[in-house]
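Throughout, numbering of the chain's residues begins at 1 and tracks the sequence. This one's a predicted model, so the numbers in the text were calculated from it and none came from an experiment.
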Amino acid sequence: MESGILILTKKGQAALKNTPLDLSPVCRNILVQVDGKKSAEDIMLMFRGLKGLEEALQRLLDGTFIQVSRECRDLIKPLARQMLGSKAPTLINKIDELHARYGDTWRDHIDDVYRTARLFYGEVVADSLRTEISKILRETRKTA
């Protein structure tokens, strides 16, 4: 399964209002949690131990109820959470602030993210983040 933030499609939004009978309770539980902020990994962690979780998530993806966002910002946020754990909100807030200020051109100001990481997490962590973010930027530019 791809990394990224899960988002509802129009079909998924409609399913929230009028749940199709063929969707399992696990699918419905997942669908309710897809808010454009959580990744598949977040949802898997939230419902860990629930039988049929991976299959339900895949069914929602295959049935186009949800999709994985390939937006650069939506790929960097889970990376920050994975690498920084409970310290990630500072960096995520910086990314959101840049996006609010510059819109889709926020990635032209990615050095601000690096400076924030360096200030709050130190040079070693910031360099590691910069390396991983650079990979994501290259990947998303290829597909854009």
ILVMFWY network linking [X] to [Y], side-chain heavy atoms under 4.5 angstrom:
X	Y	answer
Ile92	Ile136	no
Val124	Leu129	no
Phe47	Leu45	no
Leu61	Leu50	yes

Nearest 0.5 Å, what's the [atom1]-[atom2] distance between [X] and [Y]?
X	Y	atom1	atom2	answer
Ile5	Ile76	CD1	CD1	11.0 Å
Ser134	Tyr114	OG	OH	10.5 Å
Lys87	Tyr121	NZ	OH	8.5 Å
Leu23	Leu31	CG	CG	7.0 Å
Ser39	Asp74	OG	CG	10.5 Å
Arg107	Ile95	CZ	CD1	12.0 Å

So, [X] and [Y], do they make that salt bridge, N to O below 4.0 Å?
X	Y	answer
Asp22	Arg59	yes
Asp96	Lys77	yes
Arg118	Asp111	no
Asp112	Arg115	yes
Arg101	Glu97	yes

(request) Inspect the surroundings of NZ in Lys11 and state if more than 12 heavy atoms from other residues, nucleotides or ligands are less than 6.0 Å away. (result)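 Yes.
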(request) Look only at the side chain of Thr9 and the backbone of Thr64, and say whether a donor-acceptor pair between them is shorter than 3.5 Å. (result)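 Yes.
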(request) Kindly assign one of parallel, tilted or perpendicular to the pair His109 and Tyr102, based on the angle between their ring planes and the thresholds 30° and 60°. (result)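 Correct class here is parallel.
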(request) Quick one: list whatever passes salt bridge (Lys or Arg N to Asp or Glu O under 4.0 Å) with Asp62, sequence neighbours left out. (result)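 Scan of Asp62 (salt bridge (Lys or Arg N to Asp or Glu O under 4.0 Å), adjacent residues dropped) gives none.
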